[in-house]
Protein chains: 2
Amino acid sequence: MSAIRLLVLGAVRQHGRAHGYQIRNDLEFWGAHEWSNAKPGSIYHALKQLAKQGELLAHEVAPSTAGGPPRTEYELTEAGTAEYFRLLRESLVAYDQKADVLTAGVGFIVDLPRAEAVELLKERVRAIEGWRASVTEHYVPEDGPEQLGHIGEIMNLWISQADSGVEWTRGFIARIEAGAHVFSGEGDPFVGVLADGEENPYATDVRAEGDDD
Amino acid sequence: MSAIRLLVLGAVRQHGRAHGYQIRNDLEFWGAHEWSNAKPGSIYHALKQLAKQGELLAHEVAPSTAGGPPRTEYELTEAGTAEYFRLLRESLVAYDQKADVLTAGVGFIVDLPRAEAVELLKERVRAIEGWRASVTEHYVPEDGPEQLGHIGEIMNLWISQADSGVEWTRGFIARIEAGAHVFSGEGDPFVGVLADGEENPYATDVRAEGDDD
DNA sequence: AGTAGTCTAGTCAAAGTTGAATAGAAGGGT
DNA sequence: ACCCTTCTATTCAACTTTGACTAGACTACT
């Protein structure tokens with residue numbers, strides 16, 4: 001699954017109550033439209049689906065106070081909160097080599113207690129190493145990787161990505177254990193939402209050069 | 001865009017003429033259903049789309065020789081060949097952090113001349129480094145990354161992935177320059193298709209453990 | 001006071017993706 | 001002879017994603 005549900009649930013939760021355009025702006029502030037599918041259509045679609053499935057509660061609201069069509073405000077239900085934490089934990093543990101889900105998880109990691117965050121990341125390391133072991137075992141049988149021709153280079157690529165994933169995760173664990181960041185229950189959290197009227201320094205294309213996704 | 005069009009065009013091209021089930025089997029042989037969206041529905045959809053867009057030529061064929069419904073065989077048109085090479089070159093150069101496109105490109109890289117492969121990979125390195133520079137420049141302004149709280153960790157993650165991408169690419173370039181693999185115009189290519197009747201050792205789930213995509 | 005531009009907010013059709021369902025033929029056992 | 005499973009090959013409905021489009025309201029300028 002993509003990162004959109006986690007992103008939308010997390011963004012709504014930070015506001016308490018929010019409409020689509022606010023979510024869209026927050027996610028843009030985080031650069032999420034760059035590294036995930038958090039584009040307008042997907043956001044509004046996710047909001048509607050989550051509401052339909054009982055994870056968000058939709059409030060039909062009178063015409064907008066600031067121009068534009070009438071807007072709908074959403075807030076998390078209990079089921080939505082449960083789903084949010086389930087997705088968050090899963091995003092930190094699972095090694096599915098989709099960078100967007102992990103990125104979203106890191107963005108919300110401080111909603112968990114510090115000890116749990118560390119434990120989940122350690123499980124992530126174990127998962128990657130298990131995956132690595134199963135790949136090398138299956139794809140490099142007795143006769144060595146040369147057999148596979150250039151297709152063996154694909155395995156090199158995967159392995160190199162796995163190893164760099166382990167390295168980054170270990171570094172992150174070390175920083176958290178050394179006291180970095182403010183986690184759940186440790187006082188005023190760092191919140192990446194825009195205050196009313198604050199302008200967004202990252203609103204437009206950050207990856208202007210060297211990229212053509 | 002996903003890797004499906006490149007995968008399908010490349011697979012059809014290796015056969016000269018192929019029907020959907022053959023493509024599906026080849027891609028499964030390469031493990032593509034694991035690291036990309038090359039699943040039956042997507043493959044057949046891509047074949048139909050590519051035919052509709054004039055990149056594949058569809059031959060309606062009499063009922064299958066080996067059971068099952070009648071099948072359609074496809075072959076590349078001139079436009080399809082051009083599109084194939086365009087997508088292949090793009091996949092090797094672009095840094096869009098979607099691993100599946102790069103993986104597909106590596107799988108077909110030997111369809112290019114050796115010198116061009118090296119040149120494209122060197123361009124890839126430049127692209128990643130350019131992206132890296134633009135990210136660090138934009139997201140770490142005068143006051144250092146601490147400002148961003150745990151959101152700064154997301155940048156760490158991206159940077160670490162970029163660096164490992166550069167390292168893998170450099171290693172690959174070195175191996176190619178040292179004479180590894182058989183490229184276009186250098187004799188019998190290594191072809192990852194199954195001979196008729198050969199069985200597929202990788203047909204079923206390779207990533208059985210340590211994974212829950 | 002008209003109007004061009006921009007900001008707010010959301011909708012829509014077209015395309016892509018998924019997993020399950022369908023259906024014919026061959027093989028193998030009882 | 002019959003049934004059950006497996007292999008071949010594809011289709012389908014449901015869902016997701018995308019990018020362009022719509023449309024109201026404010027704002028700055030002539």
Side-chain angles (χ1 to χ4, degrees), chain A residues 1-8 18-28 32-34 36-53 58-74 98 100-101 194 196-200 203-205 213, chain B residues 1-8 18-28 32-34 36-53 58-74 98 100-101 194 196-200 203-205 213:
Chain A
M1 203 203 17
S2 83
I4 190 75
R5 290 168 70 93
L6 175 56
L7 285 168
V8 166
H19 54 87
Y21 196 65
Q22 269 176 307
I23 302 307
R24 175 180 171 178
N25 266 308
D26 279 4
L27 296 182
E28 200 168 74
H33 56 301
E34 298 289 348
S36 80
N37 59 334
K39 282 141 201 155
S42 298
I43 293 168
Y44 286 104
H45 174 73
L47 284 168
K48 277 177 189 163
Q49 281 294 110
L50 288 166
K52 201 167 108 187
Q53 291 163 14
H59 302 272
E60 297 288 341
V61 162
S64 157
T65 56
R71 58 200 188 188
T72 307
E73 290 191 332
Y74 296 90
K98 297 275 158 52
D100 61 339
V101 179
L194 293 167
D196 256 354
E198 189 186 351
E199 72 180 300
N200 179 355
T204 42
D205 201 349
D213 197 299
Chain B
M1 202 202 20
S2 83
I4 191 73
R5 289 167 71 93
L6 175 55
L7 285 168
V8 166
H19 54 88
Y21 196 67
Q22 268 176 309
I23 302 308
R24 174 182 171 179
N25 266 308
D26 278 4
L27 296 182
E28 201 166 74
H33 56 302
E34 299 288 347
S36 80
N37 58 336
K39 282 138 202 157
S42 298
I43 293 168
Y44 286 103
H45 175 73
L47 283 168
K48 277 178 188 162
Q49 280 297 110
L50 289 166
K52 201 168 109 186
Q53 290 162 16
H59 303 271
E60 297 289 341
V61 163
S64 156
T65 56
R71 57 200 189 188
T72 307
E73 290 190 333
Y74 296 90
K98 297 274 160 52
D100 60 340
V101 180
L194 292 168
D196 256 354
E198 188 184 353
E199 72 181 299
N200 179 355
T204 43
D205 201 349
D213 194 297

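Atom set for the values below is all heavy atoms of this structure, side chains included, hydrogens, waters and symmetry mates excluded. Here is how names work: the chains are called A, B, and so on, in the same order as the sequence lines, proteins then strands, and each is numbered from 1.
Within the 4.0 angstrom heavy-atom criterion, only backbone atoms of the sugar-phosphate kind lie near B/Lys48; the bases stay farther away. Counting any heavy atom pair closer than 4.0 Å across all strands shown, B/Gly41 reaches a base atom.
Nearest nucleotide to the B/Tyr21 side chain, out of C/dT18, D/dA9, D/dT11: D/dA9.
Note: NE2 (A/His19) to P (C/dA9) measures 5 Å, nearest angstrom. The interatomic distance linking B/Asn25 (CG) with D/dT10 (P) rounds to 11 Å, in whole Å. One interatomic measurement links the two molecules: CG of A/Leu47 to P of D/dT17, which rounds to 13 Å at whole-angstrom precision. Atom C1' of nucleotide C/dT8 and atom OH of A/Tyr44 are separated by 8 Å, given to the nearest angstrom. Distance, B/Ile4 CD1 to C/dT17 P: 7 Å, rounded to whole Å. Between the CZ atom of B/Arg5 and the P atom of C/dG16 there is a distance of 7 Å, given to the nearest Å. Summarising the geometry, the separation between CD on B/Glu34 and P on C/dT18 is reported as 13 Å, rounded to the nearest angstrom. As a whole-Å value, the separation of A/Lys39 NZ from D/dG19 P is 6 Å.
Residues A/Asn37 and A/Ser2 bring a donor and an acceptor atom of their side chains to less than 3.5 Å of each other. With 3.5 Å as the limit, one finds a donor-acceptor pair spanning the side chains of A/Arg5 and A/Gln53.
Atoms CG and NE2, on B/Asn25 and B/His19 in that order, are 8.5 Å from each other to the nearest 0.5 Å. Rounded to the nearest 0.5 Å, atoms CG (A/Leu7) and CG (A/Asp100) are 8.0 Å apart. Once rounded to the nearest 0.5 Å, the distance linking CD of A/Glu28 with NZ of A/Lys39 reads 11.5 Å.
Applying the 4.0 Å criterion to OP1 and OP2 of C/dT17, one finds that B/His45 has every side-chain N and O outside that range. Side-chain N/O atoms of B/Gln49 include none lying less than 4.0 angstrom from OP1 or OP2 on C/dA15. Not one side-chain nitrogen or oxygen of B/Ser42 sits closer than 4.0 Å to the OP1 or OP2 atom of C/dG16. Look at A/Arg71 and you'll find a side-chain N or O under 4.0 angstrom from OP1 or OP2 of C/dA9. At least one side-chain nitrogen or oxygen of A/Ser2 sits closer than 4.0 Å to the OP1 or OP2 atom of D/dT17.
When the nearest nucleotides of DNA chain C are assigned to A/Thr72 and B/Ala38 by heavy-atom distance, the more 5′-ward of the two goes with A/Thr72.
The rotation axes computed at either terminus of the helix from C/dA1-D/dT30 to C/dT30-D/dA1 lie 10° apart, taking five pairs at each end and rounding to 10 degrees.
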Stepwise, does the side-chain contact (heavy atoms from CB on, under 4.5 Å) test hold for A/Leu27 with A/His33?
CA-CA 7 Å; A/Leu27 296 182; A/His33 56 301; over 6 Å; no

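Across A/Tyr21 and A/Tyr44, no two heavy atoms sit closer than the pair N-OH, 3.5 Å.
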